[in-house]
Amino acid sequence: MKKTLILIISILLVFPTLINAECSNETLIEYSKSIQTTIINTSYPNTIELHISGINDYIYIKVKNNLETEEKIYTSKDKNEYGFIVLSSPNINKQLIYEVLIYSKDTGCGEKPLRTIKTKTEKYNKYSSYAVCKEAKDFKYCLEYYDTDNLSENEFLIEVNKYIESSNKTMFDKVLEVILKYGIYVLVPIIVVGGFFIIKTIIYKKKVKHETK
């Protein structure tokens, strides 16, 4: 009985389990690293696209996001003619957070994903379509994708008009504005210093006049 037990233990030590949750297959791990994701904002039609590249016949992916409860599975058969798996969403006014889980088709790699990729979209800026933004295309609150959820319409209009007004000013206007705004801080020291020298000059002249008498 003892010899049988020792033999069984010896066999277990020589032939370890093939199921490895961490997956020791370096080739498959390298395949998983080749997976890349890119967010594309399309203007027509207005959609958000997630492009996934690098998938091959040995791996598959599961994709889910924060706005959809359904988890979808994709394989290399789902690639388009350019080698991408393209997922589209009309939710341009909301932020999408995608989670791409990469799995091996080899059951020896266990049930855990080889790698997980998380990527998120920028939020569509509803103010970017306002007519006033035609005069302020480079202003941050006029960019097509910028988070303005905490900016009211009134605040937006105030800020964008300030930007336009500032952009239309000439160099002379800007210099004059600085002088009018900070002139008091420049004039006061000049007046104080000038007054000091005037008083000193008057005292000196009186002293010289007194000595010559």
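Numbers for residues simply follow the sequence, beginning at 1.
A continuous path of ILVMFWY side-chain contacts below 4.5 Å connects Leu67 to Ile48, so both sit in one hydrophobic cluster. Taking hydrophobic clusters as Ile, Leu, Val, Met, Phe, Trp and Tyr residues chained together by side-chain heavy-atom distances below 4.5 Å, Tyr98 shares a cluster with Ile117. Cluster annotation: Leu157 and Ile164 are assigned to the same hydrophobic cluster (Ile/Leu/Val/Met/Phe/Trp/Tyr, side-chain heavy-atom contacts under 4.5 Å, transitive). Linking ILVMFWY residues whenever their side-chain heavy atoms come closer than 4.5 Å, directly or via other members, leaves Val63 and Tyr60 in distinct clusters.
Residue Thr121 holds its OG1 atom at 5.5 Å from CD of Gln95, rounded to the nearest 0.5 Å. For the atom pair NZ (Lys94) and CG (Asp149), the distance works out to 11.0 Å, reported to the nearest 0.5 Å. Separation of atoms CG (Leu151) and NZ (Lys140) is listed at 9.0 Å; rounding is to 0.5 Å. One finds the OG atom of Ser167 at 13.5 Å from the NZ atom of Lys162 (value rounded to the nearest 0.5 Å). The CG atom of Asn66 sits 10.5 Å away from the CD atom of Glu99 when rounded to the nearest 0.5 Å. Taken to the nearest 0.5 Å, the OG atom of Ser104 stands 12.5 Å off from the CD atom of Glu111.
Side-chain rings of Tyr127 and Tyr141 stay apart, their centers remaining 6.0 Å or farther from each other.
Residues Leu101 and Ile61 form no side-chain contact, since every pair of their non-hydrogen atoms from C-beta on lies 4.5 Å or further apart. With contacts defined as side-chain heavy-atom distances shorter than 4.5 Å, the pair Thr38/Thr119 does not qualify. Contact of the Thr116 side chain with the Ile102 side chain is not registered, since no non-hydrogen atoms from C-beta on lie closer than 4.5 Å. Side-chain atoms of Ile85 and Leu87, non-hydrogen and from C-beta on, do get closer than 4.5 Å to each other. Here the side chains of Phe139 and Ser128 are not in contact, with every heavy-atom distance at 4.5 Å or above. In this structure the side chain of Arg115 reaches within 4.5 angstrom of the side chain of Ile35, judged on heavy atoms.
For CG of Asn80, the number of neighbouring non-hydrogen atoms (other residues, nucleotides, ligands) closer than 6.0 Å is greater than 12. With a 6.0 Å radius and a threshold of 12 heavy atoms from other residues, nucleotides or ligands, Lys105 has its NZ atom above the threshold.
Between Lys33 and Glu30 a salt bridge is recorded (basic side-chain N to carboxylate O distance below 4.0 Å).
In summary, the side chains of Ser152 and Asn154 do not present any donor paired with an acceptor at a separation below 3.5 Å, with no hydrogens or angles considered. When only modelled atom types and interatomic distance are considered, Glu153 and Tyr130 share a side-chain donor-acceptor pair under 3.5 Å. Side-chain N/O atoms of Asn56 and Ser76 include no donor and acceptor closer than 3.5 Å.
Side chain of Asp78 to backbone of Thr75: a donor-acceptor contact under 3.5 angstrom is found.
Residues Cys142 and Ala136 share a closest heavy-atom pair of CB-O, 3.2 Å. Of all the heavy atoms in Ile59 and Tyr31, the pair that sits closest is CD1-O, 4.0 Å. Shortest non-hydrogen contact noted between Lys62 and Tyr103 is CD-CE1, 3.5 Å. Across all non-hydrogen atoms, the minimal contact from Gly83 to Lys79 is O-CD, 3.5 Å.
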Please evaluate residues Ile52 and Gln36 with respect to the criterion side-chain contact (heavy atoms from CB on, under 4.5 Å), reporting the C-alpha separation (whole Å), side-chain torsions for both, the decisive distance (0.1 Å), and the verdict.
CA-CA 6 Å; Ile52 305 171; Gln36 300 294 326; over 6 Å; no
Walk me through it: do Asp106 and Tyr58 pass the test side-chain contact (heavy atoms from CB on, under 4.5 Å)?
CA-CA 7 Å; Asp106 183 353; Tyr58 302 100; over 6 Å; no
Test side-chain contact (heavy atoms from CB on, under 4.5 Å) on Tyr163 and Asp138; report intermediate values, then the result.
CA-CA 10 Å; Tyr163 177 85; Asp138 295 329; 4.0 Å; yes
Starting from the C-alpha separation in whole Å, work towards a yes-or-no answer on side-chain contact (heavy atoms from CB on, under 4.5 Å) for Thr47 and Glu49.
CA-CA 6 Å; Thr47 57; Glu49 290 184 353; 4.2 Å; yes
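Note on ring orientation: taking the six-membered ring where Trp is involved, the planes of Tyr145 and Tyr124 are perpendicular (angle over 60°, cut-offs 30° and 60°).
Between Lys120 and the choices Ile97, Ile39, Leu96, Asn65, the side chain to side chain contact (heavy atoms under 4.5 Å, CB included) rule is met once, by Ile97.
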